[in-house]
Amino acid sequence: MKGKPKKKIRITPPADFAAGMKGVAVAMDHAVSQMGPIRAMKALSKLNQKNGFACPGCAWPDPDDKRSLFTEYCENGAKAVAEEATLKRADPFFFSQLSVSDMLSWSDYDIGKSGRLTHPMLKIAGDDFYQPIEWEEAFELIAQHLNQLQSPDEAIFYTSGRSSNEAAFLWGLFARAFGTNNMPDCSNMCHESTGVALSQTLGIGKGSVVLDDLYKADVVIVIGQNPGTNHPRMLQALEQLKANDGMVITINPLEEAGLKRFKNPQRARDYVTNGTTITDLFLQVKINEDVTLLKAIMKILAKRDEVSHDVFDHDFIRDKTIGYQELIDDLKQYSVEDLATQCGIPIDHIEKACEIIAPAKKIIICWAMGLTQHKNGVENIKECVNLLLLKGSIGKEGAGTCPVRGHSNVQGDRSVGIMHHPSPQLNKALKDEFGFDAPETSGLDTVNSIQAMHEGKAKVFIGLGGNFVSAASDTTYTFKAIRNCDLTVQISTKLNRSHLVTGKTALILPTLGRSEKDVKNGNHRVVTIESSMGKVHKSEGHLNPASDVLMSEPEIVAHIADKTLRKKVNVDWLTLATDYTLIRDKIGNVIHGFNNYNKRVEDSGFYLPNHSRTGDFSNMPEGRARFSVCALPKHSLTEDQFILMTMRSHDQFNTTIYGMHDRYRGVYNERRVVFMNPKDMEKNQFQKLDLIDLESEYDGIKRKAEKFYVVPYNIPQQNLAAYFPEMNVLVPINHFADQSNTPISKSIIVSVKKHISS
Ligand code: SF4
C-alpha cells in the first residue's frame with residue numbers, strides 16, 4: 001500500500017453553505033502543495049482569463065464581458081489545475097521501480113497522485129512493467145495493430161471531454177478515414193439522454209440558454225444537479241439571479257450545501273455575513289421520481305389554468321408546439337395525492353412550487369446526471385421540456401433549457417464530429433473536403449464497445465484522454481473487456497487506473513495539459529473548446545510543460561493517422577497538426593456554424609447557431625416543438641431493497657480524486673461510505689459507521705461491493721447514496737437508459753447487510 005497511514009474516518013454535520021473562506025483556503029492548499037507558490041500563482045492568474053487557458057474541470061461558461069482579474073475560477077477549478085500542473089512526475093524511473101500489479105492495489109487517489117507522465121511507455125504482453133519507447137516506434141506499433149485487424153470495426157476510438165476541438169476533429173477524421181464509426185465518448189456515460197431528449201423535442205441536442213439568461217429568469221429550477229461541487233461557478237450566477245429578485249426551486253434527493261447558501265469568495269462582506277440564500281424551496285424527491293413530481297406540478301398548474309387561462313402560455317402553445325392536448329389528457333389519469341405519495345413530497349410543498357411557477361413568465365430548468373443516468377433518463381428530460389413549453393419558456397431571454405455538462409469540452413467534441421452515429425451531412429462534407437467515403441453504418445457507443453471487447457469482437461482500444469475503466473459501469477466486466485484486447489493505448493497527462501488495467505500490449509502516450517505552453521517552430525499554439533452553453537473560445541497554456549518529450553494531442557493523433565493510413569486518404573496529417581489554424585479552417589469547411597473560425601475565435605469567442613435559443617423549431621418534423629407523454633417510473637422494491645444513486649464527493653472531479661474528504665457532506669478521510677436514512681439504519685439494526693456489504697442482482701447475476709461505512713444522512717427512506725467510481729461495480733453493463741444507453745448509475749437496486757469479517 002502506498003502513501004502515509006490512512007487516517008480514521010470522521011463524520012461531522014453537513015455544511016450549510018458553499019465556498020467562503022474555507023473554499024479559498026482549500027484551493028490554495030491544493031495549488032501550493034502541488035505546484036509550489038510561484039507556479040501556482042502563475043497558473044491560477046491565467047485560469048479562465050481571455051488570454052489564458054480554459055479550466056480542465058467542468059464545462060461551466062466564462063462571462064462574455066468582464067472577468068474577475070486573477071480569480072475567475074472556483075475551488076475545484078484550482079484543484080483541477082493543481083492536479084495537472086503538479087511538480088510530481090511518473091517518469092521512466094518511477095515505472096522501473098513499480099510493477100503494474102503493485103500499482104493496481106493502490107486507491108484511485110494514490111494512483112492519481114503519482115504525477116505527470118513524461119515519456120511514452122510500453123508494456124509488452126506477459127510483462128508486468130512499463131518500459132520507455134520512442135515516439136516513432138510507438139506510432140509504428142499502433143499502425144501495425146490497426147492494419148492487422150480483420151475489419152476497421154475491430155478498433156475502438158474513445159474520446160474524453162478534455163480533448164480540444166482540434167484534437168477531437170482530427171480524431172473523428174482519422175476514425176472515419178480508417179473506416180469505422182466506433183467512437184464512444186464520455187457523453188455516452190453522462191448527458192447522452194439529454195442529447196436524445198432535446199433533439200426529439202426541440203430539434204437540437206444542446207441547451208438553449210446563455211449565462212446572462214440565468215441572471216434574468218423569474219425562476220430557476222435546479223433538478224438532479226449539485227452545482228456546489230460539480231459546477232461551482234454556477235453559484236455565482238444563481239447569486240446574481242437572487243440579487244435580481246429571481247427565485248430558485250431545488251429538486252434533489254439530498255439537500256446539498258451549495259444550494260442552501262453561497263458565500264462568494266470574491267466578496268469581502270461574505271466572509272463576515274451568511275452570504276446568499278440560494279434555494280427558496282427545496283423539494284426532497286425520492287431517487288428517480290422526478291417525472292412523478294413534475295407531473296404533480298403540471299397537473300396542479302393545469303387545474304389552475306382551466307380557471308384563469310393565464311397560467312400556461314397559450315399563444316406559444318398554439319403557435320410553436322404540437323402534442324399539448326395529449327399531455328393534458330395524460331395528466332388527467334393521475335391523482336395528485338398518488339403522485340405526491342410516490343415521489344415522497346407532501347402536497348403542500350408541491351403547491352408551494354406551483355405558487356412560484358404559476359405567475360413566472362421566464363423559467364430555466366438546469367439539470368445534470370441526477371436526471372440522465374436512469375432507465376427513463378430521456379423521459380426525465382422530456383418532462384422538464386413539457387413544463388417549459390407549457391410556460392412558453394423556450395426561445396426567449398431569461399428562459400430555457402440548461403443541461404450542465406461535466407467535462408470541459410465534452411460538448412465541443414460532439415460538435416466537431418465525435419459521435420458513433422453517421423451523419424449524412426457530415427459524411428458529404430468530409431467527402432467534399434477530403435475526398436473519402438466515411439462509413440455509413442452506426443458504430444459502437446461506450447456500452448456496446450465494452451460488450452464488443454468482452455466478446456472479442458473489438459481488439460484495439462485507443463483512448464484520447466480519460467480514465468475509461470474507472471468511468472465505465474460494471475467494473476469487473478469492463479476490466480475483463482479491456483484485458484481481452486490485443487492492444488490498448490492511452491493518450492494521457494497523468495497516471496490513472498486505465499494504464500494499469502490494459503490489453504495484452506499497452507502503450508501510454510503522454511500529452512500536454514491545458515495549462516502548458518504548446519510551442520512549435522517558435523509559434524505559441526492555441527486550441528479551442530466549447531462551453532456548456534455553446535460558446536467556442538480559445539485556450540492558451542502558459543506553464544512550462546511537464547517534460548520536453550511531450551507531444552500535443554493533435555500531434556499524437558496526426559502521427560497515429562499518418563503511420564496507419566500512409567497515403568490512403570488525401571489528408572496531410574502532420575502539416576495540420578503543426579499549425580492548428582489549418583485544422584480550424586478544415587472544421588470551418590466541414591461543420592456547420594464554424595465558418596470563419598480562426599477570425600471569430602479571436603478575443604472572447606463566438607456562439608454556435610442554436611435555433612431553440614430563438615424559438616425557431618422549423619427543423620422539427622412538424623416545424624414545432626413537441627410535447628411528450630412520459631410514463632411514471634416503476635421500481636418494484638421488496639421491503640428490504642434500496643435504490644442507490646452514485647455521486648461525486650467534493651474532493652473529486654469525475655474519476656479524478658483530489659482528496660479523501662467530502663467537506664460539504666461532513667465526511668473526512670474516507671470514500672467507502674454509504675449515506676442512509678437513520679430510520680432505515682434502525683430498521684436494519686445498523687449503527688453509525690458499521691461496515692456493510694451491498695449487492696445488486698440483475699438477470700440472475702449478483703454484483704457485490706463490500707466493506708462500506710454507513711453514514712446516517714438526510715436522504716429519503718429506501719434510498720442510498722455512495723460515491724462513483726467505487727460503486728460502478730454494482731451497475732450492470734446491460735441496464736441503461738432507453739434510447740441513450742446511458743448506464744443506470746443513479747438508480748441501482750441493491751440489498752444491504754452487515755459485513756462479517758472472515
Ligand atoms: S466552475 Fe467548472 S470551469 Fe469554472 S473554475 Fe470551477 S471547475 Fe473550472
Side-chain angles (χ1 to χ4, degrees), residues 18-20 22-24 26-28 30-31 35 40 43-50 52-64 66-85 160-164 186 190-191 207 210-211 214 222 225-240 256-259 262-266 278 366 368-369 402-412 513-515 527-539 541 604-605 648-659 663-664:
K22 181 76 183 169
V24 175
V26 172
M28 286 308 121
H30 275 262
M35 297 185 271
L44 295 178
S45 68
K46 291 293 180 190
L47 179 54
N48 293 328
Q49 297 295 334
K50 284 185 181 171
F53 63 94
C55 177
C58 80
W60 189 251
D62 303 314
D64 282 338
K66 265 209 343 234
R67 308 223 176 141
S68 313
L69 210 52
F70 303 126
T71 54
E72 195 56 67
Y73 58 86
C74 69
E75 174 189 332
N76 282 354
K79 289 176 186 166
V81 172
E83 287 284 312
E84 181 183 292
S160 100
R162 191 209 57 217
S163 301
S164 63
C186 56
C190 57
H191 266 292
V210 297
L211 195 49
L214 277 161
V222 181
Q225 190 204 353
N226 175 18
T229 286
N230 298 317
H231 320 96
R233 275 192 305 160
M234 181 175 162
L235 297 183
Q236 287 174 331
L238 295 178
E239 178 195 45
Q240 181 67 51
E256 304 286 12
L259 286 165
F262 172 53
K263 291 194 181 192
N264 191 334
Q266 293 176 10
I278 298 290
C366 306
M369 278 165 275
C402 183
V404 187
R405 310 270 171 178
H407 212 157
S408 55
N409 199 36
V410 60
Q411 190 160 306
R514 285 261 177 83
S515 56
V527 292
T528 56
I529 67 167
E530 179 184 337
S531 77
S532 207
M533 293 181 182
K535 184 165 184 195
V536 180
H537 61 97
K538 59 184 184 180
S539 173
S604 68
R648 280 96 181 123
S649 81
H650 191 60
D651 262 357
Q652 167 178 12
F653 177 70
N654 293 345
T655 55
T656 305
I657 313 298
Y658 301 136
R663 185 172 91 242
Y664 290 169

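Indexing begins at 1, ligand by ligand and atom by atom, following the structure's order.
Distances below 4.0 Å separate heavy atoms of Cys74 from the following atoms of ligand 1: 1 (S), 5 (S), 6 (Fe), 7 (S). For ligand 1 and Cys55, the ligand atoms under 4.0 Å from any heavy atom of the residue are 3 (S), 5 (S), 7 (S), 8 (Fe).
With hydrogens and angles ignored, the 3.5 Å screen pairs a side-chain donor or acceptor of Gln652 with a backbone N or O of Ser649. One N or O on the side chain of Ser539 and one on the backbone of Ala54 form a donor-acceptor pair closer than 3.5 Å. Listed for the Asn264 side chain is no donor-acceptor partner under 3.5 Å among the backbone atoms of Gln236.
Note on Lys79 versus Asp651: salt bridge recorded, some NZ/NE/NH1/NH2 to OD/OE distance being below 4.0 Å.
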>> Walk me through whether Arg162 and Glu84 qualify under salt bridge (Lys or Arg N to Asp or Glu O under 4.0 Å).
In response: CA-CA 12 Å; Arg162 191 209 57 217; Glu84 181 183 292; over 6 Å; no
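In terms of protein heavy-atom proximity, atom 4 (Fe) of ligand 1 is nearest to Arg233 NE, 2.7 Å. Given atom 2 (Fe) of ligand 1, the protein heavy atom at minimum distance is Cys58 SG, 2.2 Å.
Only the side chain of Asn48 comes within 4.0 Å of ligand 1, counting heavy atoms alone; its backbone N, CA, C and O stay farther away.
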